[in-house]
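The block underneath contains the structure these notes are about, expressed in structure tokens.
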Amino acid sequence: MYCPFCRNRDSRVVDSRLQDDGSAIRRRRQCPECGRRFTTMETTSLTVLKRSGAAEPFSRSKVITGVRKACKGRPVTDDDLALLAQEVEEAIRSAGSAEIQAHEIGLAILGPLKKLDQVAYLRFASVYQDFESLADFEKAIGVLRAEQADAEQVGLQPAPTRA
Ligand SMILES: [Zn+2]
């Protein structure tokens with residue numbers, strides 16, 4: 001494994017541990033050249049099957065690229081996108097399948113993106129779910145409004161009083 005700091009071709013493992021859910025092994029490595037430490041994760045490979053029938057490895061950066069377009073001009077940071085991609089990958093991996101359909105990734109993106117930014121969510125959903133008319137947007141906005149109203153109602157409920 002190349003050192004991500006100085007590109008040295010060698011590194012040594014200083015610590016290995018299994019993730020709590022058993023889905024990955026986390027290794028702390030140290031570069032003998034520059035002395036810096038970094039973490040690697042060993043997981044089963046996750047294959048994405050595209051509509052064309054082609055298969056490619058799951059890539060967080062592709063998730064980020066897809067979502068970033070929808071977030072143009074929105075107050076969404078690179079950290080937000082990295083976290084979202086991580087959430088998406090964790091959700092997909094937790095399903096426990098080694099192969100997934102490309103459209104399932106889109107589906108896994110919608111939830112976390114809705115929490116992150118509603119405008120970006122609508123943009124992404126309009127492409128992913130093939131919105132064809134204003135009515136499709138109106139429907140999606142209606143769902144967002146209803147969810148928001150529910151959330152506000154929960155927030156307004158008085159704390160339970162004790163007798
Ligand atoms: Zn190094």
Working to the nearest 0.5 Å, report the span between [atom1] of [X] and [atom2] of [Y].
X      : Y      : atom1 : atom2 : answer
Ser133 : Asp136 : OG    : CG    : 4.0 Å
Thr47  : Glu99  : OG1   : CD    : 5.5 Å
Lys62  : Thr65  : NZ    : OG1   : 8.5 Å
Arg29  : Arg37  : CZ    : CZ    : 13.0 Å
Ile64  : Lys69  : CD1   : NZ    : 13.5 Å
Glu89  : Met41  : CD    : CE    : 8.5 Å

Any chance you could lay out the side-chain contact (heavy atoms from CB on, under 4.5 Å) test for Ile109 and Phe124, step after step, and finish with the verdict?
CA-CA 9 Å; Ile109 288 172; Phe124 187 86; 3.7 Å; yes
In the structure I gave you, are the side-chain heavy atoms of [X] and [Y] within less than 4.5 Å of one another anywhere?
X      : Y      : value
Arg17  : Ile25  : no
Arg68  : Leu81  : yes
Arg26  : Glu42  : no
Ser45  : Pro57  : no
His103 : Tyr128 : yes
Phe5   : Cys31  : no
Leu49  : Ile100 : no

Between [X] and [Y], what is the shortest heavy-atom contact and its length?
X      : Y      : result
Asp117 : Arg74  : OD1-NE, 2.9 Å
Leu113 : Ala120 : CD2-O, 3.8 Å
Ser126 : Phe137 : CB-CZ, 3.4 Å
Ile92  : Ala108 : CG1-CB, 4.1 Å

Assigning hydrophobic clusters by single linkage (Ile, Leu, Val, Met, Phe, Trp, Tyr; side-chain heavy-atom cutoff under 4.5 Å), is [X] placed with [Y]?
X      : Y      : value
Val67  : Leu46  : yes
Val127 : Val88  : no
Val119 : Leu122 : no

Under the side-chain contact (heavy atoms from CB on, under 4.5 Å) test, residues paired with Glu147 that sit two or more places apart
Lys114, Val143, Leu144
Go through the steps to decide whether Glu87 and Lys115 satisfy the test salt bridge (charged side-chain N to carboxylate O under 4.0 Å, His left out), and finish with yes or no.
CA-CA 12 Å; Glu87 232 179 294; Lys115 279 184 278 162; 3.3 Å; yes
Determine, step by step, whether Arg93 and Thr43 satisfy the side chain to side chain donor-acceptor pair (under 3.5 Å) criterion, reporting the C-alpha distance in whole Å, the side-chain angles of both residues, the deciding distance to 0.1 Å, and the verdict.
CA-CA 9 Å; Arg93 284 192 182 277; Thr43 58; 3.2 Å; yes
May I ask you to decide whether Asp10 forms a salt bridge with Arg12, counting only side-chain N to carboxylate O separations under 4.0 Å?
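No salt bridge links Asp10 with Arg12.
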Can we say Glu33 and Arg9 salt-bridge, meaning some charged N sits less than 4.0 Å from an Asp/Glu carboxylate O?
no
Residues Arg27 and Thr40: side-chain donor-acceptor under 3.5 angstrom
no
For a quick check under 3.5 Å, do Glu90 and Gln86 share a side-chain donor-acceptor pair by atom type?
yes
Are Arg7 and Tyr2 in a cation-pi setup, meaning NZ or CZ lies under 6.0 angstrom from the ring centre and within 45 degrees of the ring axis?
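No, cation not above the ring by the 6.0 Å, 45° rule.
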Does any N or O in the side chain of Tyr121 come within less than 3.5 Å of the main-chain N or O of Leu110, such that one atom is a donor and the other an acceptor?
no
